[in-house]
Every structure is written in structure tokens, then in C-alpha cells.
Amino acid sequence: MADPKENVLMEKLVSLCKRRGFIFQSSEIYGGINGFWDYGPLGTELKRNVKELWWNSMTRQRDDVVGLDATIIMAPAIWKASGHVDTFSDPMCDCLLTQKRFRADQIEPQSGVAYHYTGAKDKASASALEEPFAALIPSGTHPSYARQLATRFYSNRGLQNVELLGERSEAIENSTRFNPENGALLTEPRPFNLMLQTYVGPIQSAENIAYLRPETAQAIFAQFKNVHETARQKIPFGIAQIGKAFRNEVTPRNFTFRSREFEQMELEFFIKPDEAIEAISGSVNDATVSGHPGDPQPNWGWKMWHQYWVAERVRFYEGIGLSLDTLGFHVQTAEELAHYARATTDILFKFPFSKKDAAGNVAGDELEGIAARSDFDLSQHERFSGKSMGVFDEELRTAWGKLTAEKQIALSKRYYDARLNYLLKSGESADKAAKEAKDDAEGLAKGQYIPHVIEPSAGVDRLILALLANAFTEITETDEKGKTETRVVMKFHPRVAPIKVAVLPLLKNKPELVAKARAVFQVLRGEMLAFYDDGGSIGRRYARQDEAGTPFCVTIDFETLGEVPELKDTVTIRHRDDARQERLAISELPGWLLARVR
RNA sequence: GCGAGCGUAGCUCAGCCUGGUAGAGCGUCACCUUGCCAAGGUGAAUGUCGAGGGUUCGAAUCCCUUCGCUCGCUCCA
């Protein structure tokens, strides 16, 4: 359980976010709306910086990743293929008596004697209810307990003087239809779909139902063929996308950590199946080295690629100020993995609300999951859309021809087995699955396969929250007069800091200082987000910038104006984290700053 | 959704028990002052006391409903 002290920290952070304009509650003047948050001026800049850094490092700085910007609403069939319509929901049961909700698959089976009622009538008013109810009581117990529950049930529904109707008893073994806590009947398990729905077109009928995407990834799979054909990329390559996603969370919690509308940064990185790698390179490199495995190599199998992307993503987080000791890792166990996933590593951040284990260690909460998803997604879209999602690989076809017959048979067999396994698990009949797997294996020999995928999927809003929590630093100082004050410094990495530099005239009532400061400000604002402030004492302005997380303050003083001739046109640069100052020529200022904020 | 707690100025909170004119500190803004780390002075703005309804001569205060936040169950990027 999170330390109460750390909840206080969380409250301070939420308060600062509002006070300084990082994050506001959505629709606040109307009382808010649960699970939705807005970014204020500073938060907007912070978020833009983060997304831009991700986009640059994931696409523009790489030869092998291209971008996509797809719609939020897509053909509903996509969500059937992806499994979200069927499995993105947990069947839930409600207790008919107390309304308490249970996950249907987590109810302890109960045994005993069930008393069923067809309804009840009101002895006084003669009104009647035909609603059935039942209660389970341990065998040997007097039926009065069941009757009591039933009476409560019907009086909850408005009957005054309950007379139970149609009592019938029945022995029950291992049933999950009753509330383990009180024996009352539960509702039928009802699916709780976590996708937000809307209607496309003006008629709100069942056939017009569409979903707001619960993840951005499926658009990438659905557009895979188009991107592959137009981007002049060969496998391995990736498609990246940043965008909004929506989930009707049961309980939005922990500030912006679990929101109903949120933003994702996702990469689908398509790789060759290991059988193709082995055919081309002779063997598959799936050595598990620790740390970053270096530049991609042609003989990397999915394990190496998976490890590579985990390491790349950690490097990214370190590069924006989240040091390794603030992060955590969770390698999903076989039971936790989705049936199609081969491996998933979660990158966690130790949030103030993250839970501690018995030994006091904090694992953290998920920022990003890096999943090795095999060829599941493209295969699903191939089956559901009827369009081929396979690629032709010239290199594979050439290499295949040079393999020994034994090698060809062995690789074909392995590929066949993998495809057969997928098809059978997807519910295809044995005959059809065997035929299709055979076709797939023959395709491999001709250089065709459905790419496998590694999916680093990160939550933008979670990352913003991590950066805010990580930056939040309280400093308590006692001045000469013995007055103790606590102030907040947001120690953002300069790369993500909303405001990069503040330009401050030392004094406001000296027009020469103000004019010079405005001139310096005009030069800097063309290069980065700069902020001009002349209100209040210099110390107060420094403190205000500390709270906004501005890494550098430039102060124009009398030396700048030439009071000391050799210091003319120099300014002081004040560092946020240690209040250290240094002097620099104005002409060097843009370059000096850019080197630190990029 | 269920259970518990909370909602008063931009922020932190007092007032509520025991109904009777809406408060404090900090912050914000203006002017003065200020030669480097929330200095000082003067002045100012800001609340349908989360919303709706009820009880009452009178409700921030008592009652009901509702919305939001926090914590637990649950879920995940």
C-alpha cells in the first residue's frame, strides 16, 4: 500500500499542476467529468516536447521507421479482428440484493440448498411482482434465512407486506450463480465492454455502432499493406503513430494515470519470422545479452529485436531525465501473457502512488509495454478482411533455393507448426487449419510470410505524470531572520522543460535594463520557448521560474549595459537546480542554450 | 459499479457538532520601492460555501439526491 506521506506528495503535485497551469480537470466549471483531464499552458508545452522527442527519435532519426496518422473511429470490423469486441470486456455479475459487483470468472463456487421464488405479492395492497429471485443457504440450515433474503429483495422493490410466491428448493453443487458473501442470486454474467461507443451517421441503430479506438495500434495493422507498398521499406521496418485512444475504465484513478481519454505513442516494428532469418542467415541470433545489443543485425531473431527495443526505450527515458533507479521492469510471466504474445516487458516508473511490497520495495506502475506479438495481428486482419497481409521477400526466396533439402523440410515444418497452432487457437476447423498452414509453409518456400511484430507502446499522459513526479522537488530554507520557507523546484530535463529560458531585467524601474532585456528576449524567442518577466523582485522571479521548471534564467544587469566595460553585452545565466550563475556574451547565448535544451 | 472519506477565494485550510452579515495565510494584479535568489510599503480583485431539492422566519452549517476527488475491490497504455 502506498505510504500516506506519498499520497501527500501526490496531492501537492496535483495542486501544483493546477496552480501553475500544467493540468486542469476537464469541464471543471460544470463539476468535472470523471477520467478526463486538460493540459494548461505549461502542460501543453511539456507534452508537445515529449511527443516531439519521441517522434524524432523513433522516426526521423531512423532509416527504418515511418509514420502514420489514422482516424480514431474505424470500421468496427477492425475491433472484431483485434479481439477487442469479444475479449476487451470482463463478464460481471451484480448481487441482486446489495448491487455489489463481481467478476464472473472470480466467484468462489458455492454449494448448498437454493430456494427459488417466482415472485411476491403485497399482502396489504394486493400489488404483485413476478420477478424471480433465489438464495443459496448451506444445506441443513432452516429455510427462514432464504426467506428473509427474499423478503428483503422484494421489499427493496417496493412491496410493503411481502408474501413470497412459488417457493421451490433445489440442491446445488459448485455454483457461481450466488453471492458468496450472502447467498443472494447474482445477475446473469454481463459483458462490460471497455470500448467507448458512438454511432456513425444520424441514425442511432445497432448496425451504426462504431467504437472510439481503445488503442492506436490496430490502425497500423489495418494500413500495413498501404504503408509497406508506398514507403519503400523492406522488412524489418516499423510504423509509428501518436494519437488519442479511449477506454471506458471501470475506475479512473491516480490523477491522469488511468484516464478514459488518453494519448499513446506506439510503434509496430515488423520483422521476419525466425524461420526466414534462419533460411537467409544460416542461424538465428537470439542470444540474451544484458543491456543494449547494439545496432540491428540481419540475423536477429524476435528475441533480439524485443531486447533491442526494450533497451532503446530505456535509453529514451534516460535521455529525458528518468534515471534508471526511478524505473522498474516487469517481465510478464507465461500466465500473464496474452495467448498470442511471446514476451512482454513492461517499463515501470516509481510513482508516488505505486505500491510497496512487504520488503518496502517499489516496483512501479506501467509507462510502456514492449510486446513481441508474433504474427497474430496481421494474421487476424488477413482472416477477417480476406486480404493478404503477407509480404514477398526476394532475399528469402533466393536463400531458400540454396538450402539443403533437410534444412528446407525442417524450416517448413517449424513454420507449418506455428501457423497451425495459431489457426487452431483462432477456432478454425482442423481440416481448414491444416490446409491453410500447409499453404503458408509452401508460401515461405517462395519467399512469402506474414511479418511478426514487436510493439513498444507508451502512454503519453503517464509519461507526463512521471516527468512531473520526477521533477517535483521541495526545498526548505531558513533565512537569516530565521524564517523557514518551502518552495518547489520542478527539475525537468532541459529537453522536456516547457519554458527553456526566462529573460529578466534585474530591475524594472530602469528603462535601459528593460529595453535591453526585451531585445535579448526577441533574439531568443525565435529559437526556443522563452519567457520575459519583469514583475517583482529578482528573487521572486527566479522562484516563479523554478516552479515552472525553467532550466535557465538570463538576467540583464548594469554590467550588460557597460558599467564594467569588459563585461558589456554579457549576461548572467542562472541554473535552476543549484542557483549557480555564470557570465556569457549575448552573442553566444542562443548557441549555448540550444546545445542544452535539444 | 460497490464500500469508506472528502468538496468553503487561484492554492492550503478554519468556520459545520450547537442554523443568524463569508474568514485566515499564501498567491495574483497595480503603483512605489528593490544593484541577484519568494525583501518591504500602499491599494485592489476573486466565493451563487461543488450542483439540485427539502426542512426552517433564516442553511456553508440539518436532511435527501446528484456530480467530482481520494482510498480499497477491479482494470490497464
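The sequence lines fix the lettering, A, B, ..., with proteins before strands; numbering per chain opens at 1.
- A/Arg583 and A/Asp557 are joined by a salt bridge, as a carboxylate oxygen and a charged side-chain nitrogen come within less than 4.0 angstrom of each other.
- Of all nucleotides present, only B/rG54 satisfies the Watson-Crick or G-U wobble test against B/rC62, with each distance under 3.5 Å.
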ask   = How far apart are the C-alpha atoms of A/Phe257 and A/Phe255, what are their side-chain angles, what is the distance that settles it, and do they pass the ring-ring contact (aromatic ring centres under 6.0 Å, His included) test?
value = CA-CA 6 Å; A/Phe257 185 77; A/Phe255 199 24; over 10 Å; no
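- The interatomic distance linking A/Arg313 (CZ) with B/rA77 (P) rounds to 15 Å, in whole Å.
- A cation-pi contact links A/Arg313 to A/Phe316, judged by a cut-off of 6.0 Å to the six-membered ring centre and 45° from its axis.
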request  = Test A/Arg48 against A/Glu45 for salt bridge (charged side-chain N to carboxylate O under 4.0 Å, His left out), laying out the working first.
outcome  = CA-CA 5 Å; A/Arg48 286 183 82 95; A/Glu45 293 294 339; 5.3 Å; no
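- Spacing between atom CG of A/Asn179 and atom P of B/rG3 amounts to 13 Å, rounded to whole angstrom units.
- Across all strands shown, nothing is found opposite B/rC49 as a Watson-Crick or G-U wobble partner with both distances under 3.5 Å.
- If you take CD of A/Glu455 and P of B/rA77, they are 9 Å apart, rounded to a whole angstrom.
- On a pure distance criterion of 3.5 Å, no polar donor-acceptor pair joins the side chain of A/Gln25 and the base of B/rC69.
- Across all strands, A/Phe257 comes closer than 4.0 Å to base atoms (heavy-atom distances).
- As the counterpart of B/rC16, no nucleotide is assigned, since no Watson-Crick or G-U wobble pattern has both distances under 3.5 Å.
- In terms of heavy-atom proximity, A/Pro252 sits nearest to A/Asn34 at CG-OD1, 3.6 Å.
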task = Do nucleotides 6-15 of chain B as a string where each nucleotide becomes B, S or -: B if the base has a protein heavy atom under 4.0 Å, S if just the sugar-phosphate does, - if no protein is that close.
result = ----SSS---
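- A salt bridge links A/Asp546 to A/Arg574: one of the charged nitrogens lies within less than 4.0 Å of a carboxylate oxygen.
- Nucleotide B/rG3: paired with B/rC71 (Watson-Crick or G-U wobble, both distances less than 3.5 Å).
- A/Ser259 comes within contact range of at least one nucleobase, with a heavy-atom separation under 4.0 Å.
- Partner assigned to B/rA38 is none, using Watson-Crick or G-U wobble distances below 3.5 angstrom.
- Within 4.0 Å of A/Ala458, counting heavy atoms only, lie sugar-phosphate atoms of the nucleic acid but no base atom.
- For A/Arg247, the listed nucleotide lying nearest its side chain is B/rA77; candidates were B/rA77, B/rC37, B/rG72.
- Using a 4.0 Å heavy-atom criterion, one finds that A/Leu504 contacts no nucleic acid atom at all.
- Evaluation of atom-type donor-acceptor distances gives a pair under 3.5 Å for the side chain of A/Glu547 against the base of B/rA38.
- Looking at heavy atoms from C-beta onward, A/Arg544 lies out of side-chain contact with A/Thr550 at the 4.5 angstrom threshold.
- Ring geometry for A/Phe351 against A/Phe353 counts as parallel: the plane angle stays under 30°, on a 0 to 90° scale with 60° as the upper cut.
- Nucleotide B/rC29 forms a pair with B/rG43, judged by Watson-Crick or G-U wobble geometry with both contacts under 3.5 Å.
- Using cut-offs of 30° and 60° for the angle between ring planes, the A/Trp305 and A/Phe269 rings count as tilted.
- Nearest-nucleotide mapping onto RNA chain B: of A/Arg580 and A/Arg462, the residue sitting toward the 5' end is A/Arg580.
- Rounded to whole angstrom, the span from the CD atom of A/Glu268 across to the P atom of B/rA77 amounts to 12 Å.
- Using a 4.0 Å heavy-atom criterion, one finds that A/Glu563 contacts the bases of the nucleic acid, with or without backbone contacts as well.
- Between A/Asn34 atom CG and B/rG1 atom P there is a gap of 9 Å when expressed in whole angstrom units.
- For B/rU70, the OP1/OP2 oxygens have no side-chain nitrogen or oxygen of A/Asn254 closer than 4.0 Å.
- Taking every heavy atom of both residues into account, A/Lys510 and A/Phe558 meet most closely at CG-CZ, 3.9 Å.
- Taking the six-membered ring wherever Trp is involved, the centroid distance between the rings of A/His452 and A/Phe270 does not fall below 6.0 Å.
- Against RNA chain B, the stretch residues 548-557 of chain A makes heavy-atom approaches under 4.0 Å through A/Thr555, A/Asp557.
- The side chain of A/Tyr542 approaches B/rC36 more closely than any other nucleotide in the set B/rG35, B/rA77, B/rC36.
- Ring orientation note: the planes of A/Phe521 and A/Tyr532 are tilted relative to one another, at an angle of 30° to 60°.
- A/Leu513 CG to A/Thr560 OG1: the interatomic distance, rounded to the nearest 0.5 Å, is 7.5 Å.
- Comparing B/rG35, B/rC69, B/rC36 by their closest approach to the side chain of A/Gln581 singles out B/rC36.
- Atom CZ of A/Arg487 is separated from atom P of B/rG27 by 14 Å (rounded to the nearest Å).
- What separates CZ of A/Arg258 from P of B/rG72 is a distance of 11 Å, to the nearest Å.
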Pick out the pairs of N or O atoms, protein on one side and nucleotides 28-34 of chain B on the other, that lie under 3.5 Å.
unit_1 : atom_1 : unit_2   : atom_2 : d
B/rU28 : OP1    : A/Arg544 : NH1    : 2.8
B/rU28 : OP2    : A/Arg540 : NH1    : 2.9
B/rU34 : O4     : A/Lys508 : N      : 3.4

